[in-house]
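What follows is a single structure, and I will ask about it in a moment.
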Amino acid sequence: MVEVLSGIAVVGLVLALGSEMVIGVAGRSQDLERRELDRAREARARAWLRIAFASLQVGLAGDDVFVGQAESVSFATRLQTPGGWFETRTVSLRAREGRLIGIVGSVDTFTLAERVESLEAHYLAGYGEAGEWLRGWQSPATAPLAVRLVIARHRAGGRAQSDTLVLPIGPRS
């Protein structure tokens, strides 16, 4: 009887430890899956930003104005519609409520990055070593050569990190 009770106690202990291990592995698996989805979304967002800045338009129509501020960017660009044709749309980028958001037109808002503390934008004014990065740019007729977006983020463990994206504008750069 003592041996049977000892055996049952040992089996119960093994099952308890095994279930803890399985729960831990499942939790880590979900963390890895979430991180992979975040990376994939941010890769798509970077690709979208490159396309939007590469087809940026300034000075072709009355509403093709580039407005670059220290914390946000607004510009007109040609974006592909779901139907496959290209249409000129106004795009704005800014950090809001812990996210980097893009606004197309006045209503289509989407998230480009999560856990964003702030956005800092700089605008390249010239070529080569003499090229200066400015904190603002507003012109109805010209755009900078490139935009540098510095995205301050919160990471796990409370560590701060910055991501920097340099986005060339159109065929000039």
Margin query: Contact between L93 and L112 at the side-chain level, heavy atoms closer than 4.5 Å - yes or no?
Written below: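 Result yes, sub-4.5 Å side-chain heavy-atom pair found.
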
Between I169 and Y123, is any pair of side-chain heavy atoms under 4.5 Å apart?
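Not in contact.
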
TODO: Considering non-hydrogen atoms only, spot the tightest contact between T142 and F66 and give its length.
DONE: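 Residues T142 and F66, closest heavy atoms: O-CB, 3.9 Å.
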
Q) Any chance the rings of W48 and F110 have centres within less than 6.0 Å? A)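 That pair passes the under 6.0 Å test.
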
Q. Are R35 and D38 ion-paired here, with the side-chain N under 4.0 Å from a carboxylate O?
A.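 The answer is no: the pair does not qualify as a salt bridge.
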
**Request:** State, without any angle test, whether S72 and Q69 hold a side-chain donor-acceptor pair at a distance under 3.5 Å.
**Result:**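 Side chains of S72 and Q69: pair found under 3.5 Å.
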
Can you name the closest pair of heavy atoms from A152 and S162 and give their distance?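 Minimum heavy-atom contact is CA-OG, 4.1 Å.
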
query: In chain order, what residues pass the side chain to side chain donor-acceptor pair (under 3.5 Å) check against R50, with sequence neighbours excluded?
result: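 If we apply the side chain to side chain donor-acceptor pair (under 3.5 Å) test to R50, skipping adjacent residues, there are no hits.
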
_Once rounded to the nearest 0.5 Å, what's the spacing between atom CG of L56 and atom CZ of F75?_
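Here the interatomic distance stands at 5.5 Å.
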
Please round to the nearest 0.5 Å and tell me the distance separating atom CG of L165 and atom CZ of R46.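 Reported to 0.5 Å precision, the distance equals 6.5 Å.
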
Would a single hydrophobic cluster contain both L134 and L167, if residues Ile, Leu, Val, Met, Phe, Trp and Tyr are joined by side-chain heavy-atom contacts under 4.5 Å?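 Cluster IDs for L167 and L134 match.
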
- Query: Any side-chain heavy atom of V166 within less than 4.5 Å of one from R148?
  - Reply: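 Result yes, sub-4.5 Å side-chain heavy-atom pair found.
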
Quick check on the hydrophobic clustering: are L49 and L79 connected, directly or via other members, by side-chain heavy-atom contacts under 4.5 Å?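 Same cluster: L49 reaches L79 through Ile, Leu, Val, Met, Phe, Trp or Tyr contacts under 4.5 Å.
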
Residue pairs fulfilling salt bridge (Lys or Arg N to Asp or Glu O under 4.0 Å) with at least one residue in residues 131-145, sequence neighbours excluded
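Residue pairs passing salt bridge (Lys or Arg N to Asp or Glu O under 4.0 Å), neighbours aside: E120-R135.
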
How many angstroms lie between atom CG of L100 and atom CG of L149, to the nearest 0.5 angstrom?
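L100 CG to L149 CG: 7.5 Å, rounded to 0.5 Å.
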
>> According to salt bridge (Lys or Arg N to Asp or Glu O under 4.0 Å), does anything in residues 66-88 pair up with another residue at least two apart or in another chain? List the pairs.
In response: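 Every pair satisfying salt bridge (Lys or Arg N to Asp or Glu O under 4.0 Å) with a residue in residues 66-88: E87-R89.
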
Closest non-hydrogen atom pair between R153 and E42, with its separation: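 Distance-wise, the nearest heavy atoms are NH2-OE2, 2.7 Å.
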
Return the CH2 to CG distance between W133 and L145, rounded to the nearest 0.5 Å.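 Answer rounded to 0.5 Å: 8.5 Å.
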
Inset, instruction - Any chance you could lay out the salt bridge (Lys or Arg N to Asp or Glu O under 4.0 Å) test for E117 and R99, step after step, and finish with the verdict? - result: CA-CA 8 Å; E117 185 177 304; R99 302 177 299 146; over 6 Å; no

Working to the nearest 0.5 angstrom, can you tell me the gap between R94 CZ and S118 OG?
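Here the rounded value is 14.5 Å.
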
Please name the pair of heavy atoms, one in G131 and one in L124, separated by the smallest distance, quoted to 0.1 Å.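 G131 and L124 have their closest heavy atoms at C-CD1, 4.0 Å.
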
- Item | N-O pairing of R39 and E36 below 4.0 Å |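 Between E36 and R39 there is a salt bridge, with a charged N closer than 4.0 Å to a carboxylate O.
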
query = Roughly how far, to the nearest 0.5 Å, is CD1 of I101 from CG of L119?
reply =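 CD1 of I101 is found 10.5 Å from CG of L119.
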
- Task: For the residue pair I103 and R96, establish whether any side-chain heavy-atom pair is separated by less than 4.5 Å.
- Result: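 Counting from C-beta outward, I103 and R96 do come under 4.5 Å.
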
- prompt: What are the two closest heavy atoms between P168 and A146, and how far apart are they?
  reply: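 Residues P168 and A146, closest heavy atoms: CA-CB, 4.0 Å.
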
Handout entry: Pairwise side-chain contact, T77 with F53, heavy-atom cut-off 4.5 Å (strictly under)
Key =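 They are not in contact (no side-chain heavy atoms under 4.5 Å apart), so the answer is no.
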
